[in-house]
Amino acid sequence: MSLNDHWMQRDLAVLWHPCTQMKDHEQLPLVPIKRGEGVWLEDFDGKRYLDAVSSWWVNVFGHANPRINQRIKDQVDQLEHVILAGFSHAPVVELSERLVKLTPAGLDRVFYADNGSSCIEVALKMSFHYWLNVGQPAKKRFVTLSNSYHGETVAAMSVGDVALFTDTYKALLLDTLKVPSPDCFHRPAGMGWEEHSRAMFAHMEQCLAEHHREVAAVIVEPLIQGAGGMRMYHPIYLKLLREACDRYGVHLIHDEIAVGFGRTGTMFACEQAGIRPDFLCLSKALTGGYLPLAACLTTDTVYQAFYDDYSTLRAFLHSHSYTGNPLACAAALATLDIFEQDDVIEANKRLSARMASATAHLADHPHVAEVRQTGMALAVEMVQDKASKTAYPWQERRGLKVFQHALSRGALLRPLGSVVYFLPPYVITQDEIDFLAEVASEGIDIATRDAVSVAVPRGARTEFRDPG
Ligand SMILES: *Cc1c(COP(=O)(O)O)cnc(C)c1O
């Protein structure tokens, strides 16, 4: 038995994996990873895989990065963890100072959670609670965009819009207001991104005009709807949204959990619209992809609405056991050092240009509707019919074929439905980008070559975060 098989069998006997139909593993081998270095992962049999999805979008400076490793090693000998209520420590103070400095002016307070979904819960609760504290209890609904994703906990799911969840867990969800997304994949032929995003804003304007008295906040994934298939839109939408939120007295929550820290080509996506949200949610790349940590930044105005005598019961009594964990903060500090010392945002411009040129030919592929890109995120959307942009039935799991081909060639490409995307660590080289493009092209050829016959079960719905 190979070492891979050995670990796979032990794993499958006891684990239940995330976002996985476990029965798939009767056919699809699990890949046990022994070690990582830079953009490469290595399994127990010595095969290497280029991590094109940054291990679910978290890694930015490679696996086993020596600078981040060292910082964590130093921290672990000092202090591994301490309660953050009533106590503090140097890494969390330094990190908060740096996040306040790095983010748009006016985001002056940092509240920590320990993963993206709970960070969204913090933002939603804070916004609702703010309106309660200032005497506007009617403001308790949230406005969301279609095709959005904000995490897996129940309130975070409520503000998301993924059929798989809204269907299954409908009975548990909050009542939200859903507005059509500015997603430019659906723009009419001949229309540019800016014009389409601007036109789509009319729906948001109408929703806010009608409902603002009962709305606490609008929540968006700025510029890229990640889990919804790397769908993208123009920053003008965010600018218009900021103005409307101000006009109607509604909070703006930016979920930059996936796009923060350089992914869109600027450190934060909101910079491209020149705006400051009322809540900025950060996680994923915050620790360089090392440890779970999330930060919800907000304004002094919000903070002051909670600041009062204890007996008024206005405090925000939310907490997580590992809030502000020192090891995670140390990893985040090392990550921010690398951004600063290596002028990463500037260097990434060359990498994103290479991602564009290496994949440009795919736009002519008979089963590719679009190759789209925002900074260090590039997506290729496979379709059944190019002219009408008709999607493949999800049951055909075309993306899974790309995934399997890529694995055989030594790359971790994990399409979202029929959307093949690159979201690589920023330490990828130009040659490695070319390799990925080659593997993706081959995979797309294979996946779109034949008609696939599948039994289509009733109740068709979109897959999500899944290679299917
Ligand atoms: C991943 C993600 C989340 C959830 O973060 P977790 O750490 O997985 O809970 C929320 N919002 C967006 C936009 C994400 O991509």
Side-chain angles (χ1 to χ4, degrees), residues 17-20 53-60 111-125 127 142 144-162 164-166 169 173-174 176 181-183 217-233 237-238 252-264 268-270 277 279-297 318 320-325 328 331-332 335 374-377 379 414-417 419 421-423 464-466:
H17 287 266
C19 196
T20 299
V53 300
S54 296
S55 284
W56 255 348
W57 321 349
V58 297
N59 192 294
V60 279
F111 190 97
Y112 290 92
D114 36 30
N115 62 72
S117 304
S118 51
C119 187
I120 296 297
E121 304 278 334
V122 166
L124 298 174
K125 284 175 69 177
S127 173
F142 298 98
T144 73
L145 293 177
S146 60
N147 192 44
S148 53
Y149 176 78
H150 296 290
E152 307 281 344
T153 53
V154 176
M157 255 193 326
S158 303
V159 290
D161 175 39
V162 175
L164 185 59
F165 290 153
T166 41
Y169 300 106
L173 305 183
L174 300 174
T176 58
S181 165
D183 174 2
V218 178
I219 180 167
V220 294
E221 290 164 274
L223 304 186
I224 306 177
Q225 295 190 305
M230 296 294 155
R231 294 292 180 77
M232 300 171 184
Y233 59 92
Y237 192 89
L238 300 172
L252 175 57
I253 303 173
H254 266 204
D255 175 355
E256 295 217 15
I257 289 165
V259 298
F261 303 101
R263 189 53 69 182
T264 63
F268 301 106
C270 54
F279 299 91
L280 177 64
C281 296
L282 303 173
S283 186
K284 289 200 165 116
L286 171 60
T287 62
Y290 267 66
L291 288 158
L293 181 70
C296 177
L297 282 91
H318 184 108
H320 295 288
S321 309
Y322 283 99
T323 297
N325 174 261
T335 301
T374 299
M376 290 296 288
R414 199 170 190 274
L416 293 151
V419 178
Y421 69 91
F422 303 157
L423 211 106
F464 147 81
R465 243 192 173 185
D466 185 287

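For ligands, and for the atoms within them, numbers begin at 1 and follow the listed sequence.
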Ligand 1 atoms in contact with Gly116 (distance to a heavy atom under 4.0 Å): 4 (C), 5 (O), 6 (P), 7 (O), 9 (O)

Stepwise side chain to side chain contact (heavy atoms under 4.5 Å, CB included) test for Glu221 and Val259: CA-CA 8 Å; Glu221 290 164 274; Val259 298; over 6 Å; no

Residue pair His254 / Val220, side-chain heavy-atom distance below 4.5 Å: yes

Under 4.0 Å to a heavy atom of Trp57 - the qualifying atoms of ligand 1, by number: 15 (O)

Tyr149 and ligand 1 - part of the residue with a heavy-atom distance under 4.0 Å: both

Atoms of ligand 1, numbered as shown, that sit under 4.0 Å from any heavy atom of Gly151: 4 (C), 10 (C)

Selected option - heavy-atom contact closest to atom 3 (C) of ligand 1, from Ile257, Val58, Leu293, Thr153: Ile257

Ligand 1 atoms in contact with Ser117 (distance to a heavy atom under 4.0 Å): 4 (C), 5 (O), 6 (P), 9 (O)

Contact with ligand 1 for Glu256, non-hydrogen, under 4.0 angstrom: no

Element-labelled atoms of ligand 1 that are located less than 4.0 Å from some non-hydrogen atom of Asp255: 10 (C), 11 (N), 12 (C), 13 (C)

Any side-chain heavy-atom pair of Leu238 and Tyr233 under 4.5 Å: yes

Nearest heavy atoms of Glu256 and Ala269, plus distance in Å: OE1-N, 2.7 Å

Enumerated ligand 1 atoms positioned under 4.0 Å from heavy atoms of His150: 10 (C), 11 (N)

Atom indices of ligand 1 within 4.0 angstrom of Ala258 heavy atoms, with elements: 15 (O)

Glu152, portion touching ligand 1 at heavy-atom distance under 4.0 Å: neither

From CA spacing to verdict: side chain to side chain contact (heavy atoms under 4.5 Å, CB included), Val154, Leu173: CA-CA 6 Å; Val154 176; Leu173 305 183; 4.3 Å; yes

Ligand-residue contact atoms, ligand 1 with Asn115, heavy atoms, under 4.0 Å: 7 (O), 9 (O)

Heavy-atom gap Glu221 to ligand 1 smaller than 4.0 Å: yes

Over all atoms of both residues, closest heavy-atom pair of Leu145 and Tyr237: CD2-OH, 3.4 Å

